[in-house]
Every structure is written in C-alpha cells, then in structure tokens.
Asks: 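What follows is a single structure, and I will ask about it in a moment.
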There are 4 protein chains.
Amino acid sequence: MGEPLVLERIVEASRKLFARKGFHATGMRDIAKLAQVSIGSLYHYFRSKDELFLAVVRRAFEERLAQARELMRQGLPGPEILRHVLDLHFAGFAAEPEAAQLLGRVWAPEDPALWKKLSALVDEYAQAIAAILQEAQASGAIRPVHPLLAAYALLGMAGAVTLRAAGKDPVAQEFREKGAQELAELAWHALRP
Amino acid sequence: MGEPLVLERIVEASRKLFARKGFHATGMRDIAKLAQVSIGSLYHYFRSKDELFLAVVRRAFEERLAQARELMRQGLPGPEILRHVLDLHFAGFAAEPEAAQLLGRVWAPEDPALWKKLSALVDEYAQAIAAILQEAQASGAIRPVHPLLAAYALLGMAGAVTLRAAGKDPVAQEFREKGAQELAELAWHALRP
Amino acid sequence: MGEPLVLERIVEASRKLFARKGFHATGMRDIAKLAQVSIGSLYHYFRSKDELFLAVVRRAFEERLAQARELMRQGLPGPEILRHVLDLHFAGFAAEPEAAQLLGRVWAPEDPALWKKLSALVDEYAQAIAAILQEAQASGAIRPVHPLLAAYALLGMAGAVTLRAAGKDPVAQEFREKGAQELAELAWHALRP
Amino acid sequence: MGEPLVLERIVEASRKLFARKGFHATGMRDIAKLAQVSIGSLYHYFRSKDELFLAVVRRAFEERLAQARELMRQGLPGPEILRHVLDLHFAGFAAEPEAAQLLGRVWAPEDPALWKKLSALVDEYAQAIAAILQEAQASGAIRPVHPLLAAYALLGMAGAVTLRAAGKDPVAQEFREKGAQELAELAWHALRP
DNA sequence: TATGAATGAGAGTTCATTCAT
DNA sequence: GATGAATGAACTCTCATTCAT
C-alpha cells in the first residue's frame, strides 16, 4: 500500500524530536527533514509549532489514559489498578524511551501562550489520574491523599527519572532497567493505606 | 559598602528571571535591565548565558545542601533528618516561590552543551541527597531503596508540584498551601521502613 | 442559467479584494474562499496572481473607457464630454466604492514584472483619456495642456482622494459625499480655456 | 570624522529603496546590504520594517513642510506662496527623483497596521498643505475650495506623475522635464480665483 | 474541469555574543 | 571595570504555485 501518510510522518517525527531534544531545541526544519516532508506541509496540518507540540503531547496523554481506562473497565481491585497504571506509565522506558521522555518535557513550556495551553493539557491528564486515585481511595485501596497533588507528584517522579534515564552512562542504563519497578514501589508505599 | 555589588545584582536578577520564566524565555537583555547593568557587564562576569544559568542553579543547590549538611552535623536521628531535608526543600514554597520554581526548570535544558553541564550539576545534587538517604537507610531509619533513583524521584515530585503551584488559579493557591506538607507525607510514606 | 459562472465569481471576488486590501494583502487563498472556488480553479483560468490582477484592472479600465467612448459617439460638445468623463470616473464613489479604490491601487505594483505590465495598462488608459483631452483641446473646449501628463494628473487626483475616502472617519465620509463634485470642479478649472 | 554614521546610512538606504521599489519589494536584507550594515543594526535602530518605513516617510514630509513654512515666514503674497510650495514640491523631480517617488508610494500601505499609521502621517501632511491653502483662500489669493480635499488632490497629482516619470522611456523623460511646470500650471489654474 | 495536498524560497524578526571605546 | 552599538546565524511562518487524482 504505499508510503505512510504525510500527517502520520509529521506527528511521528515531531514526537521523536520533541521527546529527544525538547521544544526549543527542535526546529521546524528538523521535523520536516526527519519526516521527509516540506516545511509547508507542517503548516498545512498544524497552525504553528505550538499546535504541533500540543498535538503530540495530547496524543501521548490520550494513549496512556486509554490504557488506564481499559484497566478500570476490567474491574481490577484498587491496588492492582494502581500498580498497572504505574506499570503502564513506566513501561515506556523499555519499549519506547522517547514517548516516556516527552512526559519529562511538559514542565518547561516557558512561552506564556504555549504554557497556558500546555498546562491545561497537563492538568487534564493529572485530573484523570487524580480521579483514579480518588476512586481507589474511596474503596480503601489507598490511604487518603490530596488526589490532584499526588497525581502531580507521580507525574513529576516519572518525568525526572525518565529524563535521567535517557543518557548513555551506566546510571542511565540502570535507571532504564530498574526505574519502572523502583518507581512503582515508591509510589505504592507512598499511597498504600 | 555602597551600592550592592554588580555581580550580586546580576546573579539575583538572573535567579528571579530564570525561575520565573525559564531559560529560553529569559534574555540577556532582560537580565541586564532588571539588574540595572549593561550587557557588557554580564559578559564580564560570566562567559555565556549557559554559565550564568549554571551559576544560578549551582548556587541554589549549594544553599540547600549547606542547610542539609548543617542538619546532619547536628546529629539528628534518621527520620528527622529526612523530614527536615524535605521541609527545607519545600519551605521555599512560602518563603521564596521563585527559588523553588527553579528546581522545576532544571529538567529542560534542551541544548546539548548546556544539558551536559546541567545534568552533571543535578546529578551532584541528587547524589548528595542519595548519600543522606543511604545513611538513613544504613541506620534503619528508612527502608531499602535505590538511593539515587529515589533522590531523582523526590526532586521530580518537588519540581512538578512547585511549577503547578506557580499559577494564580485556586489549585495553584491550594498547592502552595498544602504542597510542603503533602509532599513530605508522600515522601515519608514512600521511604519509611 | 444556474449558478454564476466560475470565471465570473473569480473575477468578482478578486476585484473586491484587490480594491479593498490591495495586491499584496490579498492572497490567492482569500480569493478562492470568497469566490467559493478551489485554488486550482484560480490557476485554471489565470496563469498567475499577476495575470489575475491585470485582468481585473483591465476590465475596470475598459468599462470606464466604454462609457467615455459612448459619450463621444453621442457628439457632446468638448466641455460636456470632459465633465461627463470625470463624472463617470467619480460616480463610482457612491455606487461602487470598491471599483473606485482599485484606481488608487494601480500605482504601487512594486514587483518589476508586474509593474511593467501594469504600467503599460495604465498608460493605455491614460492615453485614451489624453486622446479625449486632445480632441477637446483641438475644438477649443479646454486650454492647451500636455495631454498625457494632464491625464496622469487627473488619475492621480482621483486615486488619492478615493483612497482617502475609503475610511470610516468623518473626513472619509465627507470625501465620499463631496469628492466627485469637488474633483470635477478642480479638474474643470485646471483645464478650462 | 570618518565614515557616515550607521543610522544615517540605514535611513538613506531605506529611503532610496522604498522610493525606488516600494515597501513590499524592499527587503530588510536589501536595505542592510545597500547600507553596508548588518540586519541586526536595522533592528537596533528601528523596531520593525514598518517603523523604518514610517520614519523615512516622516522625514520626507518634514523636510518639505519645513521648506514650505520657511516660505510662509518670509511673508510672500498668496499666489507666490502657492507657486513656491508647488515648485518646491515638484523640484524634487530633477534634483532627487527618489524622494519624489516616495510620495507616490504612500498610497498603498495595504497592511492594516501600517496603513493606519501611515495614513495618519499623510493626513498630517495633507492638513499642513490644507492650512496653507486656507490661508491663501482667506486672503483671496485662491478661489474657495475644500482645503483638505484639494490638498489630497494635489498630492495625488504629484504622486501619479512622479511615479510615471521614474521610467526610462521617452515619456518618463518628458515627464521629468516638464512635470514640475505643467503640474504647477494645472494646480494654479485649478485654484486661482 | 476541478481539486487541495504538497512544495520551498524567502520573508521579517530575535538574540547571544563581541569588541572598540 | 564598564558600556552598548554592531553582528549574523537561525528562527518561525507565509504564500504563490504545481500536479496527481
């Protein structure tokens, strides 16, 4: 069937570069080159670099939330849901380091306009996690905590460790191997009743 | 005596702006203006914007480490040291929001050269925290964890919550008020034996 | 019968936009949108944006010349022809401000290639007016002047006043009301024997 | 001593290029090159291309107004002032064709933001001319006309003829030679009592 | 005929940095 | 020590134009 669609190539290239190098270090020319697409095409599908970044982050969040919601629909017991949520969250380390890194990149938009839209997006994601925590808390699966604040804390933990795990040094290597488990354990101890 | 030293004014202005707006959104002109100093002076004291940023971050880390080491010298028992370390870490929320925000900014250097130097700095800081954790762990004050990874997790938690606490909306307000306590509690539960 | 012809819609939309906003501020996308036509259609009927602009200007000139020639065929005496020519020229203020504005837009082609073709068009138009002036002059209806230069002067007068009349402020309003008469009078005094 | 100041070179180069090619056809790179200055220097002295263009036009207007006011201060009789004003206005044809052309360029700003500022500038200039006309009218030196509208008409006449005089063909050559005199005569006949 | 996705040169602008004074 | 005019590479974004369907 032919080469992958242009739109798909753009999003994929953006995701890789934004995750790998961050927003500012990634130029539209870089994206166009990696996607093997003209700069004009970038702007055919996205109004601006900001919109492209937001689209990439939105997609990353939605994929993760879809997974989490699927688990909830399966009716797993509270602690299990939590562990799975965290597992899925950190599974990216091994499978797709780049997508995981993206979560570490959302904390520094710097540009006021982008920051506003991005933080709304992050908030939405955090609130979805908070909702899960709240439910688990209601069923006694975890201890009482401030759900949204805890959600942000979990995201921050994941982001920091993931970014550190991106390097090529032994420590990064170790983080990539043990990160998911250690973080899940830390999170579990932080939240268990 | 007399007017505050030029160097001091530069560092102070940089600290405020980098913390408030981040690395890329802060221009050398902005710093020069706020510090009431010529651009030339900036380059008299610092080789580059990168170096200036690193100096600011280094100073922030050193201040916090000095406080932590002072506590250790007082021979407090393990859990107490940990609580104080965390308290000191989060006390900035109320006293000096800007310095606290800076810790949320160190995760997005983006530029390869800066990233390398900055991550070395962060590593140093994380390792100092890890050393404290390790000692507490040796004395049985906390449960066995991967010290460095746990240190990064703590830093990430703090950074994410702090950045979210910078806004003007009710959630930010709430985070500023409860952040320190909630985070300390989450951390303590995550680490206690 | 049926929907207006595509070609007609394109020319009409172009005329409106070029007159209203000028050549550079009008994009092919804007024209396509207003004409409810695809960009491809624009290029099916016109080789380029330049050609489209030229076609619009050419049509505007031809309409006016046709009116002037009709008057000449009616054998009106010299001064009458002149007044009518001017009247027709300025009648657009009230009836169709946009077409009138277009005459103020032909002075700034800026692009060398377009300028060359456009100025040839303007020259043609000016020469037609000059011919009328020359005839009137031969019959003693007006005083001896340099016909072509006077034609350009008349066009410039009309263009400048018309563009100023396009605004929404009181002066523009006043210009729209009194412009035709005042200009006709100025022109008549300038040319009468 | 030494080479001409950078600011002066920028303004001079801008004046030439804007007059010769118009606003859109003149790029900041072109100006920088002709002025033998870096692009950065352009922005050191002018906030934007718009501001640079406005500065050039403003200067051109002010120079002409200064000349006109000097004549008024000398207390010449009405008609004389008018003739001189027109003479000075058109003298540029021979002495400095480029500055004269600039007056033909101010009618097509096209960009809404630039248009607003530019038309305010043109209005100011036209009003100064209108004031002169009004005074001459009060003393009976010219017949009653709408001063501002007449001012715009005069400016339009001058602009159109000047732009046509810029070419290299025989007509342009002729316009350059006879333009000033013919226009002064047309204007005088249009306005005399 | 008609479409609109795709192109890419070129636009205005920013900003860390240098250096003569 | 201190200054700020000068630099220019690199940025995001626009837009007339092409062409496979």
Side-chain angles (χ1 to χ4, degrees), chain A residues 5-7 9-10 23-33 35-52 111, chain B residues 5-7 10 23-33 36-53 111 114, chain C residues 5-7 10 23-33 37-53 111 114, chain D residues 5-7 9-10 23-33 35-53 111:
Chain A
L5 296 176
V6 168
L7 176 60
R9 292 217 306 276
I10 291 173
F23 181 79
H24 286 100
T26 299
M28 293 303 262
R29 277 174 180 74
D30 302 331
I31 296 173
K33 188 175 239 177
Q36 302 214 71
V37 149
S38 71
I39 289 184
S41 283
L42 263 42
Y43 286 90
H44 184 74
Y45 289 100
F46 298 94
R47 201 176 291 274
S48 65
K49 189 187 178 187
D50 282 18
E51 291 296 331
L52 180 47
D111 178 79
Chain B
L5 296 176
V6 168
L7 176 61
I10 291 173
F23 181 79
H24 286 99
T26 298
M28 292 301 263
R29 276 171 179 76
D30 301 329
I31 296 172
K33 193 173 220 176
Q36 302 213 67
V37 149
S38 72
I39 290 185
S41 283
L42 261 42
Y43 284 90
H44 182 75
Y45 289 101
F46 297 94
R47 193 180 297 273
S48 67
K49 189 187 178 187
D50 282 17
E51 291 297 329
L52 182 45
F53 185 65
D111 179 77
L114 177 55
Chain C
L5 296 176
V6 168
L7 176 61
I10 292 173
F23 181 78
H24 286 100
T26 298
M28 293 301 263
R29 276 173 178 73
D30 302 329
I31 296 172
K33 192 174 221 176
V37 149
S38 72
I39 289 186
S41 282
L42 261 43
Y43 283 90
H44 181 74
Y45 289 102
F46 297 94
R47 192 179 299 273
S48 67
K49 188 187 179 186
D50 283 16
E51 290 298 327
L52 182 46
F53 185 65
D111 178 78
L114 177 55
Chain D
L5 296 176
V6 169
L7 176 60
R9 293 216 306 277
I10 291 173
F23 181 79
H24 286 100
T26 299
M28 294 300 264
R29 279 168 182 78
D30 302 330
I31 296 172
K33 190 175 238 177
Q36 302 213 71
V37 150
S38 72
I39 289 184
S41 283
L42 264 41
Y43 286 90
H44 184 75
Y45 289 101
F46 298 93
R47 200 177 291 274
S48 66
K49 189 187 179 188
D50 282 18
E51 291 296 330
L52 180 48
F53 184 65
D111 178 78

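Letters go in sequence order (proteins before strands), and every chain restarts at 1.
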Asks: Assign C:Phe46 to base, sugar-phosphate, or nothing according to its heavy-atom contacts below 4.0 angstrom with the strands shown.
Replies: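 Since no nucleic acid heavy atom lies under 4.0 Å of C:Phe46, the category is nothing.
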Asks: F:dA6, OP1 or OP2 - any side-chain N/O from D:Tyr43 closer than 4.0 Å?
Replies: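 The answer is no; no side-chain N or O of D:Tyr43 sits under 4.0 Å from OP1 or OP2.
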Asks: Here's a test of your reading of the structure: between A:Gly40 and D:Ser41, which maps to the more 5' nucleotide of DNA chain F?
Replies: D:Ser41
Asks: Can you measure C:Phe53 atom CZ to F:dA16 atom P for me and round it to whole angstrom units?
Replies: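 In whole Å, F:dA16 P and C:Phe53 CZ are 13 Å from each other.
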Asks: Would you mind reading off the distance between D:Met28 atom CE and F:dC13 atom P, rounded to a whole angstrom?
Replies: 19 Å
Asks: Can you tell me how far OH of C:Tyr45 sits from CG of C:Leu5, rounded to the nearest 0.5 angstrom?
Replies: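 Reported to 0.5 Å precision, the distance equals 7.5 Å.
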Asks: Can you find a donor-acceptor N/O pair under 3.5 angstrom joining the side chain of D:Arg29 to the base of E:dG10?
Replies: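 Such a pair does not exist between side chain and base.
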Asks: Please determine, for E:dT3, whether a Watson-Crick or G-U wobble partner exists with both distances under 3.5 Å, and give it or none.
Replies: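 Checking every strand shown, E:dT3 finds its partner in F:dA20, with both distances under 3.5 Å.
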Asks: Which residue lies toward the 5' end of DNA chain F, A:Gly27 or C:Asp50, if each is placed at its nearest nucleotide?
Replies: A:Gly27
Asks: Provide, to the nearest angstrom, the distance between the CZ atom belonging to D:Phe23 and the P atom belonging to E:dA11.
Replies: 13 Å
Asks: In whole angstrom, give the distance that lies between atom CD1 of D:Ile31 and atom P of E:dA11.
Replies: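 Whole-Å distance recorded here is 11 Å.
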Asks: Of B:Ser48 and D:Asp30, whose closest DNA chain E nucleotide lies nearer the 5' terminus?
Replies: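 Comparing both residues, the 5'-ward one is D:Asp30.
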Asks: Using the side-chain heavy atoms of D:His44, tell me which of these nucleotides is nearest: F:dG8, F:dG4, E:dA2.
Replies: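 When the side chain of D:His44 is considered, F:dG4 is the closest of F:dG8, F:dG4, E:dA2.
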Asks: Select one nucleotide: of E:dA16, F:dT3, F:dC13, the one nearest the side-chain heavy atoms of B:Ser38.
Replies: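 Given the options E:dA16, F:dT3, F:dC13, the side chain of B:Ser38 is closest to F:dT3.
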Asks: Which nucleotide in the set E:dG12, E:dA2, F:dT18 lies at the smallest distance from any side-chain heavy atom of C:Ile39?
Replies: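 So the nucleotide nearest the side chain must be F:dT18.
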Asks: Classify the ring geometry between A:His24 and B:His24 as parallel (under 30°), tilted (30 to 60°) or perpendicular (over 60°).
Replies: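 Judged by the thresholds at 30° and 60°, the geometry between A:His24 and B:His24 is parallel.
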Asks: Write down the distance between CD1 (A:Ile10) and C1' (E:dT7), rounded to a whole number of angstrom.
Replies: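 Rounded to whole Å, this separation is 12 Å.
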Asks: Would you say the side-chain atoms of D:Ser48 pair up with the backbone N or O of D:Glu51, donor to acceptor, closer than 3.5 Å?
Replies: yes
Asks: Could you state the NZ-C1' distance from A:Lys33 to F:dA10, rounded to the nearest angstrom?
Replies: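 In whole Å, F:dA10 C1' and A:Lys33 NZ are 14 Å from each other.
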Asks: Any side-chain heavy-atom pair from B:Thr26 and B:Phe53 closer than 4.5 angstrom?
Replies: no
Asks: Now, which nucleotide makes the Watson-Crick or G-U wobble pair with E:dT13, with each of the two distances under 3.5 Å?
Replies: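 By the stated definition (distances under 3.5 Å), F:dA10 pairs with E:dT13.
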Asks: Are side-chain heavy atoms of A:Leu52 and A:Tyr43 found at a separation under 4.5 Å?
Replies: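 The answer is no; the side chains never approach within 4.5 Å.
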Asks: Among E:dT7, E:dT14, E:dT17, which nucleotide has an atom closest to any side-chain atom of A:Val37?
Replies: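 The listed nucleotide nearest to A:Val37's side chain is E:dT7.
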Asks: Are the side chain of B:Ser38 and the backbone N or O of B:Ser41 linked by a donor-acceptor pair below 3.5 Å?
Replies: yes
Asks: Calculate the interatomic distance between C:Glu51 atom CD and F:dA16 atom C1'; express it in whole Å.
Replies: 14 Å
Asks: In whole Å, what is the span from the CZ atom of B:Arg47 to the P atom of E:dC19?
Replies: 14 Å
Asks: Where the side chain of D:Lys49 is concerned, which of F:dA6, E:dT13, F:dT17 is the nearest nucleotide?
Replies: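 For D:Lys49, the side-chain atoms sit closest to E:dT13.
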